[in-house]
Protein chains: 2
Amino acid sequence: MLFADLLIDQIKQKSPICVGLDPDPSKIPSYLLRDYSLTNAILRFNQEIIDAVADLVPVIKPQVAYYEKMGIDGLKALKITIEHARKQGLIVIADGKRNDIGSTSDAYADAFLKTGSDFESDALTVNPYLGSDGILPFVNACSTYNKGLFVLLKTSNPSSGEFQDLKLENGEMLYERVADYISSWGENIIGESGYSSIGSVVGAYYPEVLYNLRVAHPRQIFLVPGYGAQGATAEDLRCAFDALGGGAIINSSRGIIYAYKDNPNTKEQDFAQASRDAVIKMSNDLKNAFKVTQ
Amino acid sequence: MLFADLLIDQIKQKSPICVGLDPDPSKIPSYLLRDYSLTNAILRFNQEIIDAVADLVPVIKPQVAYYEKMGIDGLKALKITIEHARKQGLIVIADGKRNDIGSTSDAYADAFLKTGSDFESDALTVNPYLGSDGILPFVNACSTYNKGLFVLLKTSNPSSGEFQDLKLENGEMLYERVADYISSWGENIIGESGYSSIGSVVGAYYPEVLYNLRVAHPRQIFLVPGYGAQGATAEDLRCAFDALGGGAIINSSRGIIYAYKDNPNTKEQDFAQASRDAVIKMSNDLKNAFKVTQ
């Protein structure tokens, strides 16, 4: 099954939720740090959360930076985390925002998308600033290995507008031009679901932007950060979805993986159950806001 | 000494040349691949080239993608390559084109710029598409650890114009707006040389672009790819430099590290000497074109 179809199918079967695994040593339970080395503590933290949410969410998204920060040992933890999640039947999006040109993009594609590579994931986030010949090597890898890509389009950070919202001489915004390119890059990898394996990253802060992009680009699956800790509400997110409640996957990282810290009565040891509870809460929150009959 | 001043000083003392270490298993000498594991062959290849050029060039630039492609072992080779080059007195620019927002950019900065990290380099390339709050964490790390940054501005690939050359409603090109931001990001880390530790990446293909940017942004050190294998001539590059022949560092990767393949009479075993010869040839080529008296 094509990556896009698999993702759309899994969203329907489970929920439109992606759990971001951004391990922060200052936030993971202290007993893990006491009993294990730092990287093993993080690995154990990730594995317990993965096991606790695997039946509820289709996707986990490790943020590569947090592992790279810990050097070689951190990257070993990333490798094992990805392997564990895939064994549990989860789709893994490596959030690396990689980008370069030609043969160098090929090398990054090999690192994250090639069958059997250490960091083999199901999809990768990439940055479009270098244009088509920075992205097409990744697109080709998606065709070869049946993987997916999420291209940064309109990000959720406060200063995303500095460049992405610049108005071009024809009245378009830069991000609208980028969106057109993303659709063209993905036009040859469209599945039976109607969606392409080449999707985009669109922040949850901008309901009107989400709505306009949804209408203009019906084949892009949107990966939407910003829910929860970053401040967007379920109501803001409705516009990311198509009429059938598909076509988008909503990421939450800190709001789920550190949920055990939100309630002073929750024991550290129950962090994974707290994450599961947070996913259920988010899922209900989204269902109520969307009022989608499935 | 501030990173910017150190780089400018080393360029004066040695040459304005950066050697890109982009190891490609299909191009490194076959006897190394026969005698060593792949990653040890690459490590040995890198180390011999570093030793052969260390007195002639101020900077080496490992392209992170080529190491990441080889997984954990490749990243160990990257770590040891960086350490070896720095021990030899070379400035190391990690070419990672990293980018993200807020605390995630902090994590990438820690990975490549923090004292004592596995991949600690002297500078890092980054991508500006997310705007100021994607870049300022890296700038802060440069202040804290006395490191440098090279922000993608106008890249050397054929499709770089798709977004970077878009004309804005006020008549500016997108890359000109990005250039203004880069200057503002670097305005508090300017050394006695007059240059900032926050520089930019500008491709060698566009002499008129180089000239205009050089005039408009006198405090940015330009990292200039495109010489040699990518097709730009020394003449094209003159515009990257200031009136005293400073302010830019010209990268060549394949043209130097695989120089042994250019002459059928060169034995594989002499690859490092061939790289040294290629650096000397490039240095003379630049000197002739620039006619700079130093």
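In what follows, chains carry the letters A, B, and so on, assigned in the order in which the sequence lines appear, proteins first and then strands, with residues in each chain numbered from 1.
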Exercise. Do other residues, nucleotides or ligands put more than 12 heavy atoms under 6.0 Å from A:Lys114 NZ?
Worked result: no
Problem set entry | When A:Ser132, A:Ser160, A:Ala111 are compared by non-hydrogen pairs under 4.5 Å with chain B, the top option | A:Ser132
Exercise. Hey, does B:Phe222 have a side-chain heavy atom less than 4.5 Å from the side chain of B:Ile249?
Worked result: no
Seminar exercise, completed: The reported gap from CD1 in B:Ile257 to CD1 in B:Ile49 (rounded to nearest 0.5 angstrom) is 5.5 Å
Problem set entry | Side chains of A:Pro128 and A:Leu152 in contact at under 4.5 Å (non-hydrogen atoms) | yes
For this session: Just give me the residue among A:Arg177, A:Met70, A:Arg98, A:Lys76 that pairs up with chain B most often, heavy atom to heavy atom, under 4.5 Å.
Result: A:Arg98
Seminar exercise, completed: Output for pair (B:Ile42 CD1, B:Leu38 CG), nearest 0.5 Å, gives 4.0 Å
For this session: Go through the atoms of A:Lys79 and report whether side chain, backbone, both or neither lie under 4.5 Å from a heavy atom of chain B.
Result: side chain
For this session: Identify which of B:Thr125, B:Val64, B:Asp22, B:Asp118 forms the greatest number of heavy-atom pairs closer than 4.5 Å to chain A.
Result: B:Asp118
Exercise. Chain A: which of B:Leu75, B:Leu78, B:Asp106, B:Asp95 shares the most heavy-atom pairs with it under 4.5 Å?
Worked result: B:Leu75
Exercise. Does the side chain of B:Gln220 pick up a donor-acceptor pair with the side chain of B:Ser183 at under 3.5 Å?
Worked result: yes
Problem set entry | Toward chain B, the part of A:Tyr108 with a non-hydrogen atom under 4.5 Å | both
Exercise. Taking side chain as C-beta onward, heavy atoms only, is B:Asp122 less than 4.5 Å from B:Ile93?
Worked result: no
Exercise. Chain B heavy atoms under 4.5 Å from A:Leu153: which part of the residue, side chain, backbone, both or neither?
Worked result: backbone
Problem set entry | Choice from A:Pro158, A:Gly102, A:Gly71, A:Ala107 maximising heavy atom contacts with chain B below 4.5 Å | A:Ala107
Exercise. For A:Leu174, is it the side chain, the backbone, both, or neither that has a heavy atom closer than 4.5 Å to a heavy atom of chain B?
Worked result: side chain
For this session: Please round to the nearest 0.5 Å and tell me the distance separating atom OG of A:Ser159 and atom CG of B:Leu136.
Result: 7.5 Å
Exercise. Listed by residue number, which members of residues 162-171 of chain A have a heavy atom under 4.5 Å from any heavy atom of chain B?
Worked result: A:Glu162, A:Phe163, A:Gln164, A:Leu166, A:Lys167, A:Leu168, A:Glu169
Exercise. So which of B:Thr155, B:Asp110, B:Asn127 has the largest heavy-atom pair count under 4.5 angstrom toward chain A?
Worked result: B:Asn127
For this session: Report the option among A:Ala65, A:Ser117, A:Gly131 that has the most heavy-atom pairs separated by less than 4.5 Å from atoms of chain B.
Result: A:Ala65
Problem set entry | Interchain contact, B:Tyr129 with chain A, by part (heavy-atom threshold 4.5 Å) | both
For this session: To the nearest 0.5 angstrom, please state how far the CG atom of B:Leu113 sits from the CG atom of B:Leu149.
Result: 7.0 Å
For this session: Would you indicate whether the side-chain heavy atoms of B:Glu120 and B:Phe112 approach each other to under 4.5 Å?
Result: no
Seminar exercise, completed: Bottom line for A:Gln63: the part with an atom under 4.5 Å from chain B's heavy atoms is side chain
Seminar exercise, completed: Most heavy-atom pairs under 4.5 Å with chain A, out of B:Gly161, B:Gly96, B:Ser103, B:Gly74, belong to B:Ser103
Exercise. Can you name the one residue among A:Asn46, A:Thr39, A:Asp73, A:Thr81 that meets side-chain hydrogen bond (donor to acceptor under 3.5 Å, both in side chains) with A:Tyr67?
Worked result: A:Asn46
